[in-house]
Participant: 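I'd like to ask some things about the structure below.
What's counted below: heavy atoms across the whole structure, side chains too, no hydrogens, waters or symmetry copies. Please read these numbers as outputs of a predicted model, since none were measured by experiment.
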Amino acid sequence: MLADLVWTPGVSNPSGIGNQIFIARAADVATVPAYGVAGTVDLAVGDIAMVATKLFYKIYSTQGKAKLSIESVGEKDAKLFKITAELSYPDIDANSKKLAMEILNGNCILMIPTLTTERTLPTYVMLGGHTYDTEVDAKFNSGDAPGSAKGLDLTITTYDIVPGKVYKGDLKITGGSIDLDTMIVGL
């Protein structure tokens with residue numbers, strides 16, 4: 001399964017994550033495709049099935065203020081990947097407070113848009129699921145001066161044996177669905 005890591009000098013190397021994140025409570029997700037597309041970090045082909053009437057919700061995160069971090073942790077013969085998403089929503093409004101309250105002590109599933117040299121569209125990495133719970137930390141900040149950063153900062157952490165499972169299927173969202181591979185919105 002090893003492969004060469006070859007870098008082509010001069011190739012654009014985008015950093016950070018996209019600003020359209022999707023989130024659902026894990027209890028609202030009936031099934032997630034299994035991991036196991038040979039030779040990849042992709043989830044199996046298929047869509048996430050939701051519990052009736054439940055949806056994924058969009059979270060806007062300020063570009064340049066958010067990131068996805070993946071690091072190995074644990075003892076030599078029992079290592080996992082610790083996967084952390086840091087998100088920044090630029091307001092302290094009723095919806096940001098409700099979101100923080102809803103997921104603070106619960107388990108959620110996130111789709112984080114990562115930017116890579118492989119594609120012009122984001123590649124969505126799934127955090128959480130039914131195997132490993134997520135841990136959520138929330139911080140609200142009013143800012144200290146006009147124009148300063150304010151809002152809700154979320155840090156969401158999970159563990160997994162795969163350093164960022166890629167999901168390429170559809171998500172049920174408000175008003176229809178979105179294909180995370182093509183970014184085509186359907187009704």
Side-chain angles (χ1 to χ4, degrees), residues 7-8 11-26 28-70 81 83-91 93 95-96 98-99 102-103 107-131 134 136 151-158 160 162-187:
W7 183 255
T8 305
V11 170
S12 175
N13 186 19
S15 296
I17 64 173
N19 62 12
Q20 184 169 267
I21 291 94
F22 296 94
I23 189 168
R25 291 179 336 119
D28 294 343
V29 175
T31 60
V32 172
Y35 168 68
V37 177
T40 73
V41 293
D42 295 350
L43 292 167
V45 175
D47 296 329
I48 290 175
M50 301 298 289
V51 172
T53 73
K54 302 300 182 179
L55 304 171
F56 270 83
Y57 294 92
K58 295 177 196 173
I59 300 178
Y60 171 86
S61 185
T62 303
Q63 202 123 28
K65 298 284 185 183
K67 68 180 180 179
L68 177 68
S69 303
I70 303 171
F81 291 100
I83 306 169
T84 303
E86 296 176 35
L87 310 176
S88 181
Y89 179 74
D91 200 0
D93 59 9
N95 283 339
S96 65
K98 286 193 278 186
L99 172 70
E102 184 71 26
I103 65 172
N107 189 17
C108 57
I109 296 176
L110 283 96
M111 298 295 170
I112 306 291
T114 59
L115 307 173
T116 67
T117 59
E118 297 170 315
R119 344 175 344 122
T120 55
L121 293 173
T123 298
Y124 276 82
V125 171
M126 184 178 84
L127 271 73
H130 296 266
T131 305
T134 55
V136 178
L152 167 63
D153 292 326
L154 290 172
T155 301
I156 302 172
T157 304
T158 191
D160 210 320
V162 179
K165 294 177 182 172
V166 174
Y167 178 66
K168 295 182 178 180
D170 286 355
L171 292 181
K172 289 185 181 179
I173 59 173
T174 304
S177 66
I178 185 168
D179 182 322
L180 292 188
D181 191 38
T182 63
M183 298 308 294
I184 294 174
V185 176
L187 297 177

Participant: Kindly indicate whether the side chain of L110, heavy atoms from C-beta on, has any atom under 4.5 Å from the side chain of L87.
Facilitator: yes
Participant: Which heavy atom in V125 sits nearest to a heavy atom in G164, and how many Å separate them?
Facilitator: CG1-CA, 3.5 Å
Participant: Output all residues satisfying side chain to side chain donor-acceptor pair (under 3.5 Å) with K165, sequence neighbours left out; order by chain, then residue number.
Facilitator: D160
Participant: Would you name the heavy atoms of T158 and G128 that are closest together and state the gap between them?
Facilitator: CG2-N, 3.6 Å
Participant: Measure the shortest side-chain to side-chain distance between I83 and P163 over non-hydrogen atoms and say whether it is less than 4.5 angstrom.
Facilitator: no
Participant: Hey, could you give me the CG/OG1 distance between L127 and T84, rounded to the nearest 0.5 Å?
Facilitator: 8.0 Å
Participant: Return the set of residues passing side chain to side chain donor-acceptor pair (under 3.5 Å) with D153 (not counting sequence neighbours), or none when no residue passes.
Facilitator: S88
Participant: With sequence neighbours excluded, tell me which residues meet side-chain contact (heavy atoms from CB on, under 4.5 Å) with I103.
Facilitator: I23, L99, C108, V136, L154, I156
Participant: Could you note down all residue pairs passing salt bridge (charged side-chain N to carboxylate O under 4.0 Å, His left out) where residues 178-187 supplies at least one of them, sequence neighbours left out?
Facilitator: R119-D181
Participant: If the condition is salt bridge (Lys or Arg N to Asp or Glu O under 4.0 Å), which residues does D93 pass it with, not counting sequence neighbours?
Facilitator: none
Participant: K172: which residues meet the salt bridge (Lys or Arg N to Asp or Glu O under 4.0 Å) condition with it, sequence neighbours left out?
Facilitator: none
Participant: Once rounded to the nearest 0.5 Å, what's the spacing between atom CE of M111 and atom CD1 of I173?
Facilitator: 12.5 Å
Participant: Could you work out, with ring pair (Phe, Tyr, Trp, His ring centres under 6.0 Å) as the rule, every residue matching Y124, not counting sequence neighbours?
Facilitator: F22
Participant: Establish, from distance only, whether the side-chain atoms of N107 and T134 form a donor-acceptor pair under 3.5 Å.
Facilitator: yes
Participant: I need the minimum non-hydrogen distance between P122 and L115, along with the two atoms involved.
Facilitator: CB-CD2, 4.4 Å
Participant: Just list the side-chain donor-acceptor pairs under 3.5 Å for residues 44-58, sequence neighbours left out, or say none.
Facilitator:
unit_1: D47; atom_1: OD1; unit_2: D170; atom_2: N; d: 2.8

Participant: Considering residues at least two apart in sequence or located in another chain, which fulfil the side chain to side chain donor-acceptor pair (under 3.5 Å) criterion with T114?
Facilitator: none
Participant: Run the side chain to side chain contact (heavy atoms under 4.5 Å, CB included) test on M126 and L180 for me, step by step, so that the C-alpha distance in whole Å, both residues' side-chain angles and the decisive distance to 0.1 Å come before the verdict.
Facilitator: CA-CA 11 Å; M126 184 178 84; L180 292 188; over 6 Å; no
Participant: Table please: side-chain donor-acceptor pairs of residues 63-70 below 3.5 Å, with sequence neighbours left out.
Facilitator:
unit_1: Q63; atom_1: NE2; unit_2: I17; atom_2: O; d: 2.9

